[in-house]
Amino acid sequence: MQLSEYAQYDAVGLGQLVARGEVSPQELAETALRACAAVNPHINAVIETWQPELADAAAALERGSPLAGVPFLIKDVGVAMAGRKIEFGSRLAQGFTAAADSILMRRFRQAGLATLGRTTTPEFAWSGTTESALCGPTRNPWNAARGAGGSSGGAAAAVAAGIVPIAHATDAAGSIRIPAAASGVFGLKPTRGRVSNGPILDEAIHGLAAQLGVSRSVRDSAALLDAARGADGGQPFSIAEPAGSYFAQVGAEPGRLRIGVMAQAWGGQRTAAAVLERLAEATRLCESLGHIVEEAALPLGCSWDAFVHASSVLWAANIAVWIDDMAAATGRQIDLSTLEQQTLAVYRTGHGMRGVEIVRALDLRNAVTRSVAAFFTRYDLLLTPTLPELAPPIGSYAADTASMDGHQWTAHVMGGSPFTPAFNAAGVPAMSVPLFQDAASALPVGMQFVAPAGREDRLFRLAGQLERSLPWADRKPAIWAGRDPRAEPACRHDDNRI
């Protein structure tokens, strides 16, 4: 298969080729590795590749999985694959290998996804850009001088550049939606409890974190959620299963929805004029589709500063434990030789935390959850920009942050993406839809839609309608595997860095 042909398909489209016998999973894997070799040196999205195990694809094909044999990448945090490295974007964990599959990895295998490598993440996933000391900066395929977003920046850049059509991603404060918006792909964060974080992780940052992926099309994410969803025994959060498949929702009409629009986020960060222009366009598009769209305010349930502090308490306490455990596993020291300045600051803040602060933070999480739920008694959906600004230049995100403590770093991260983290606290589903590009820079501009808890179906129906009305599949970034005609050798495998 030629790269120009391969890169035109979404994941479901490739799965259909496999199901019809027009291409084999092995050929797709080889083509994906060639795509990686062609573009990854320019974007630094993939840390490591390997020859995928394809027995799972054959079994999944017999079961009718729409993703059987589709090339796939996993993020370097959140999901564990037995015998493969998981380094959390950190020198502290360099070379650490997972002993067993996580629950989610088992489900990826059952779906028949051909996992062939790992994508980049900032250190311990706590940044809005993917620029780590371990791997260096991940660059935006639309403009290599810009960042790809974080913390699933490697996943989003790899999908946008055509290496794979779909990739695993995690989201504890916006880490699916932020890079989806910055890199021009689709990303949905599911409801708390919809996808298992187990068995090693329990509540995953006290319920803030969710997992799924980023994709080229809406139907790809729906198919991935069908494969990934469902609680496992002992899971602390769970939610009722949907009556049918999410895949079927993509083609269904959403009905007439009442959509509240919020142009400015909490905390005083003003939305850039270029983004506001696209938000107005999104409003007009939704109105043209028959929806009721009106300006709305969503009370946070507390002040922005209190919310950021509570989030910092939960993040810092969890990261401190992860770092202690990883230092014990690797025998390495916890200092600036193994951790970045900001991560070390968060670690120290976490170790200074008192139990009563965590209880207070959880009380505030409850207040936010209930305030968001009250909003959805009046509206079916909320529409906001995913990000208040366009993707920032490489190297600018952490400028002048060296003296920050852990709380200040959290305020910096959340200030850069203020529309996303409240919905992690509330545990509700939210998606970033790649509807627009900025006229001046051609950089992507994503729009965030948020639904009540458990209503991913509503999001998929609207997303499918938006995709049909304003298709984005034909938009290609400057760095794109389908544009490179060279027959490059496959990416180096296993321990070799690309």
Side-chain angles (χ1 to χ4, degrees), residues 78-79 102-104 107 152 168-178 180 186-198 201-215 218 220-232 234-250 252 254 257 259-260 298 301 311 314 362 365-377 379-384 386 419-433 448-464:
V79 66
S102 61
I103 300 295
L104 182 55
R107 292 179 179 164
S152 304
H168 163 252
T170 69
D171 191 320
S175 290
I176 288 174
R177 292 157 288 156
I178 294 166
F186 179 81
L188 181 141
K189 177 195 81 70
T191 301
R192 181 155 50 224
R194 180 70 73 201
V195 175
S196 174
N197 288 308
L201 290 176
D202 180 17
E203 295 182 345
I205 318 182
H206 291 85
L208 300 184
Q211 300 193 63
L212 190 61
V214 289
S215 62
V218 177
D220 283 359
S221 284
L224 188 65
L225 186 54
D226 281 332
R229 63 183 167 88
D232 63 282
Q235 184 172 309
F237 298 115
S238 61
I239 191 165
E241 287 289 284
S245 75
Y246 289 117
F247 188 80
Q249 301 299 325
V250 177
L257 300 172
I259 302 173
L298 195 168
S311 300
L314 300 179
L362 293 174
R365 186 197 70 185
N366 176 62
V368 173
T369 301
R370 293 181 182 278
S371 186
V372 170
F375 176 87
F376 287 118
T377 64
Y379 293 96
D380 298 310
L381 294 175
L382 171 70
L383 165 62
T384 77
T386 307
F419 288 105
T420 59
F423 307 114
N424 295 85
V428 297
M431 64 182 181
S432 181
V433 186
Q448 177 179 237
F449 292 86
V450 188
R455 295 311 306 266
E456 290 93 339
D457 60 333
R458 189 177 291 169
L459 290 177
F460 279 126
R461 287 180 182 179
L462 177 66

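Here the closest non-hydrogen pair linking Ala463 and Phe186 is CB-CE1, 3.9 Å. Closest approach of Arg194 and Glu456 over heavy atoms only: NH2-OE1, 3.0 Å. The two atoms that bring Ala231 and Ser238 nearest to each other are CB-CB, 3.7 Å, heavy atoms only. The shortest heavy-atom contact between Thr170 and Gly78 is CG2-CA, 4.2 Å. Considering every non-hydrogen atom in both Val195 and Pro190, the closest pair reads CG2-CG, 4.1 Å. In terms of heavy atoms, Arg107 sits closest to Ala228 at NH1-O, 3.2 Å.
The line from CG of Leu382 to CZ of Phe423 is 5.0 Å long, rounded to the nearest 0.5 Å. Atom CD1 of residue Ile103 and atom CD of residue Gln235 lie 8.5 Å apart, to the nearest 0.5 angstrom. Note that CG of Asn424 and CD1 of Ile176 are 9.0 Å apart. Values are rounded to the nearest 0.5 Å. A distance of 4.5 Å separates CG of Leu212 from CG of Leu224, quoted to the nearest 0.5 Å. Note: Leu298 CG to Phe376 CZ = 6.5 Å, rounded to the nearest 0.5 Å. Atoms CZ and CG, from Phe460 and Asp226 in turn, are 7.5 Å apart once rounded to the nearest 0.5 Å.
Under the side chain to side chain donor-acceptor pair (under 3.5 Å) test applied with Gln448, the options Thr384, Thr386, Thr420 reduce to a single match, Thr384. Each of Arg177, Gln211, Lys189 was evaluated against Asp171; a single residue qualifies, Arg177, per the side chain to side chain donor-acceptor pair (under 3.5 Å) test.
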Fill in: side-chain contact (heavy atoms from CB on, under 4.5 Å) assessment of Tyr246 paired with Ser221
CA-CA 9 Å; Tyr246 289 117; Ser221 284; over 6 Å; no
Practice prompt. Would you please test Arg461 and Leu257 for side-chain contact (heavy atoms from CB on, under 4.5 Å) and show each step?
Written response: CA-CA 11 Å; Arg461 287 180 182 179; Leu257 300 172; over 6 Å; no
Item to complete: Carefully, step by step, assess Arg365 and Arg370 under the rule side-chain contact (heavy atoms from CB on, under 4.5 Å).
Response: CA-CA 9 Å; Arg365 186 197 70 185; Arg370 293 181 182 278; over 6 Å; no
Discussion item. Does Thr369 form a side-chain contact (heavy atoms from CB on, under 4.5 Å) with Arg192? I'd like the steps, not just the answer.
Written reply: CA-CA 11 Å; Thr369 301; Arg192 181 155 50 224; 3.8 Å; yes
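Panel note: side chain Ser175, backbone Ser152; no donor-acceptor pair is recorded below 3.5 Å. Arg458 places no side-chain N or O within 3.5 Å of a backbone atom of Ala451 that could act as its donor or acceptor partner.
Arg229 is listed as a side-chain neighbour of Pro242, based on a closest heavy-atom distance under 4.5 Å. Put simply, the side chain of His168 reaches to within 4.5 Å of the side chain of Leu104, judged on heavy atoms. Contact of the Val428 side chain with the Pro452 side chain is not registered, since no non-hydrogen atoms from C-beta on lie closer than 4.5 Å.
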